[in-house]
Amino acid sequence: MTTIADNLQRVRERVSTACAGAQRRVEDVTLLAVAKTFGPEAVREAFAAGQRAFGENYIQEAVEKAALLADLPIEWHCIGPIQSNKTRLVAAHFAWAQTVDRLKIAQRLSEQRPEGLPPLQVCIQVNIDGGPSKSGVPPQEALALAREVAQLPRLKLRGLMTIPEPAADFAAQKAVHARARALFDELRGAGLALDTLSMGMTADLEAAIAAGSTMVRVGTAIFGARPSA
Ligand SMILES: *Cc1c(COP(=O)(O)O)cnc(C)c1O
């Protein structure tokens, strides 16, 4: 096995152990492999080991990488900030956009989604721990934005996504993730048909799964450490 295949196997074991501990079904948690800064060969290795969903932060980099991997049926997720001048690329090249936090961006994505493609799957990014300089809609505005996004014809609203600050230990991680889960349940209670709560990364995927995450986004544990920016 390659290192990446080995790593993927270990991450899958972490996910299944966490699901067992939380009495959840392993099929209810999707693993998204985050390949930012790693080249197409790394993605190819993970694909060969059975991984199908990949997350990318840098839109231009992702589009170039995806072009080199066009022979593979990969599901690409945009998990980085989306500026207005990048919506056309996101609409054309991704299956999912997880970082929608403004109506204007959602409207552009809907207008620009090419006719030949299925609706763009979307999550609303929520600034769950209130970091002042962070992207994401404040939790108290999530319901209103979700209702508007759900009306857009070429988008399919799937759920919420969060990137909390690193927390010290499992209990602190789980407490923040539990707030996101409560918000997710509140929106569902308000009648929105959501099925995706994207939260948890290499350092906190167990806590996220314990709190009710349905999608963990894992980079370092699969591909190794990224060069620091
Ligand atoms: C980089 C990144 C990840 C993966 O982080 P790791 O700690 O390497 O697992 C997940 N989500 C987002 C939004 C990221 O930017």
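Worth saying up front: this structure is predicted, and the values here are computed from it rather than measured. Whatever order the structure lists them in is the order used to number ligands and atoms, beginning at 1. By convention here, the first residue in the shown sequence is residue 1.
- By the 6.0 Å contact criterion, CZ on R88 is open, its count of non-hydrogen atoms from other residues, nucleotides or ligands being 12 or less.
- Comparing heavy-atom distances from atom 13 (C) of ligand 1 across I163, L32, V216, T162 singles out I163 as nearest.
- With ligand atoms numbered from 1 in the order given, ligand 1 contributes 9 (O) to contacts under 4.0 Å with heavy atoms of V218.
- The option from T202, I222, T37 that lies nearest to atom 9 (O) of ligand 1, judged by heavy atoms, is T202.
- The protein heavy-atom contact nearest to atom 12 (C) of ligand 1 is I79 CD1, 3.6 Å.
- D71 and R44 are joined by a salt bridge, as a carboxylate oxygen and a charged side-chain nitrogen come within less than 4.0 angstrom of each other.
- Residue G219 has at least one N or O atom closer than 3.5 Å to an N or O atom of ligand 1.
- Electrostatic pairing of E165 and K134 counts as a salt bridge here, judged by a charged N lying under 4.0 Å from a carboxylate O.
- More than 12 non-hydrogen atoms from other residues, nucleotides or ligands lie less than 6.0 angstrom from NZ of K65.
- In this structure, R10 does not pair ionically with D6, as no charged nitrogen and carboxylate oxygen lie closer than 4.0 Å.
- Ligand 1 has at least one atom lying under 4.0 Å from a heavy atom of R226.
- In summary, the atoms of ligand 1 found under 4.0 Å from a heavy atom of T220, numbered by their order in the structure, are 6 (P), 7 (O), 8 (O), 9 (O).
- Of the listed options K36, R217, M201, K36 places a heavy atom closest to atom 14 (C) of ligand 1.
- Note on R14 versus E206: salt bridge recorded, some NZ/NE/NH1/NH2 to OD/OE distance being below 4.0 Å.
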